[in-house]
Amino acid sequence: MKIEKTFTVEAPQQVVWDFITSPERVAPCIPGCTGAEETEPGKYNAVIKTKVGPIKTTFKVKIETREEQPPDFAVYATSGEEGSRASMIKAVSTLSLNQLEGNTTQVTYESEINMLGRLGKFGSGLMQKVADSIGNEFVATMQDRIKSGE
């Protein structure tokens, strides 16, 4: 499944980059994320609770920075599993930032996601709706936090 989203943030590109690449600042913007911790430079663990259809679940995920070109571009690899390995997820995501006129930054992210196990059995339509909902909530929260100076 592929997820793509482009949005703007009313802040300079460097401010957005510093925010979005800071696990402790960006984790609270992710719906269901109970925090992220750096285990070593460029590697992070997080716990994310989510609901897909009738299933409520918790994923333990590992995120690794594969490439960074501050403040323009980054590539991340994510892998995780639901308790008892009922579902597993792997993703490669790219993040691109572009300074627009004034203090506005355009953010584009793309993720190629593979879901296996019980959640992988749901149709791509339902999974796309869940991903879109999570993405929209993330964007709104991030924009609010940057705007308020958090």
Side-chain angles (χ1 to χ4, degrees), residues 1-9 11-53 55-99 105-146 150:
M1 176 175 67
K2 188 171 190 172
I3 298 171
E4 299 174 274
K5 188 161 191 75
T6 298
F7 59 95
T8 59
V9 179
Q13 183 173 339
Q14 188 65 51
V15 170
V16 176
W17 176 266
D18 291 344
F19 186 95
I20 211 165
T21 58
S22 168
E24 57 278 346
R25 294 174 75 195
V26 81
C29 300
I30 301 168
C33 185
T34 58
E37 67 173 325
E38 186 173 32
T39 57
E40 58 184 274
K43 294 185 179 184
Y44 310 91
N45 288 340
V47 176
I48 300 173
K49 296 179 181 184
T50 191
K51 183 178 181 207
V52 177
I55 299 173
K56 291 181 181 178
T57 187
T58 301
F59 273 90
K60 293 180 181 175
V61 296
K62 296 176 188 269
I63 302 111
E64 180 180 357
T65 304
R66 289 216 174 141
E67 179 183 350
E68 276 190 339
Q69 297 172 12
D72 301 313
F73 180 78
V75 178
Y76 300 96
T78 304
S79 63
E81 61 185 45
E82 183 182 12
S84 73
R85 299 181 62 130
S87 297
M88 292 177 280
I89 187 171
K90 287 190 178 199
V92 175
S93 305
T94 60
L95 173 68
S96 300
L97 278 68
N98 294 303
Q99 184 70 49
T105 302
Q106 180 182 44
V107 180
T108 301
Y109 68 84
E110 296 179 10
S111 295
E112 188 65 45
I113 301 170
N114 292 314
M115 180 78 68
L116 302 170
R118 71 179 183 156
L119 294 182
K121 294 176 184 175
F122 282 97
S124 62
L126 175 61
M127 295 303 286
Q128 190 71 48
K129 286 180 184 177
V130 170
D132 287 345
S133 175
I134 290 170
N136 291 339
E137 193 173 331
F138 167 79
V139 169
T141 303
M142 188 186 89
Q143 288 171 326
D144 288 345
R145 287 180 181 249
I146 288 176
E150 288 185 34

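The analysis underlying the following values was restricted to heavy atoms, covering all of them including side chains, and did not include hydrogens, waters or symmetry mates.
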Test item: Phe7 and Thr108 side chains (from C-beta on) under 4.5 Å apart, heavy atoms: no

To the nearest 0.5 angstrom, please state how far the CD atom of Glu4 sits from the CD atom of Glu110. 4.5 Å

Quick check: do Phe19 and Val9 have side-chain heavy atoms less than 4.5 Å from each other? no

Of all heavy-atom pairs between Thr141 and Pro28, which one has the smallest distance, and what is that distance? CG2-O, 4.2 Å

Does Glu82 come within less than 4.0 Å of Lys60, counting only side-chain N to carboxylate O? no

Main chain of Lys129, side chain of Ser133: is a donor-acceptor contact present, judged purely on distance under 3.5 Å? no

Would you say Thr21 and Glu68 make side-chain contact, with heavy atoms under 4.5 Å? yes

If the condition is side chain to side chain contact (heavy atoms under 4.5 Å, CB included), which residues does Ala46 pass it with, not counting sequence neighbours? Cys33, Ala36, Val61, Ile63

Minimum heavy-atom separation for Pro23 to Tyr44, with atom names? CG-CE2, 3.0 Å

Evaluate the criterion side chain to side chain contact (heavy atoms under 4.5 Å, CB included) for residue pair Lys90 and Ile113; output intermediate values, then yes/no. CA-CA 6 Å; Lys90 287 190 178 199; Ile113 301 170; over 6 Å; no

Once rounded to the nearest 0.5 Å, what's the spacing between atom NZ of Lys5 and atom OG of Ser111? 12.0 Å

Could you state the interatomic distance from OH (Tyr109) to OG (Ser93), rounded to the nearest 0.5 Å? 9.0 Å

Is there side-chain contact between Phe73 and Thr94, with at least one heavy-atom pair below 4.5 Å? yes

Side chains of Thr6 and Val107 in contact at under 4.5 Å (non-hydrogen atoms): no

Does any part of the side chain of Pro31, heavy atoms only, come nearer than 4.5 Å to the side chain of Phe138, both counted from C-beta? yes

Do you know the tightest heavy-atom contact between Leu97 and Trp17? CD2-N, 3.6 Å

Glu81 side, atom CD; Thr58 side, atom OG1 - distance, nearest 0.5 Å: 12.5 Å

Could you tell me the separation between the OG1 atom of Thr57 and the NZ atom of Lys49, rounded to the nearest 0.5 Å? 10.5 Å

Exercise: identify the closest heavy-atom pair between Ile48 and Ile30: CD1-CG2, 4.4 Å

Worked verdict on Ile20 versus Met142 for side chain to side chain contact (heavy atoms under 4.5 Å, CB included): CA-CA 8 Å; Ile20 211 165; Met142 188 186 89; 3.7 Å; yes

Between CZ on residue Arg66 and OH on residue Tyr76, distance to nearest 0.5 Å: 13.0 Å

With a 4.5 Å heavy-atom cut-off, do Thr39 and Asn45 have their side chains touching? yes

Return the minimal non-hydrogen interatomic distance between Met115 and Leu119, and the atom names on each side. CG-C, 3.8 Å

Report yes if the side chains of Lys51 and Val130 come closer than 4.5 Å at any heavy-atom pair, otherwise no. no

Whether Thr105 side chain and Gln13 backbone form a donor-acceptor pair below 3.5 Å: yes

Please list, chain by chain and in numerical order, all residues satisfying salt bridge (charged side-chain N to carboxylate O under 4.0 Å, His left out) with Arg145, sequence neighbours excluded. Glu150

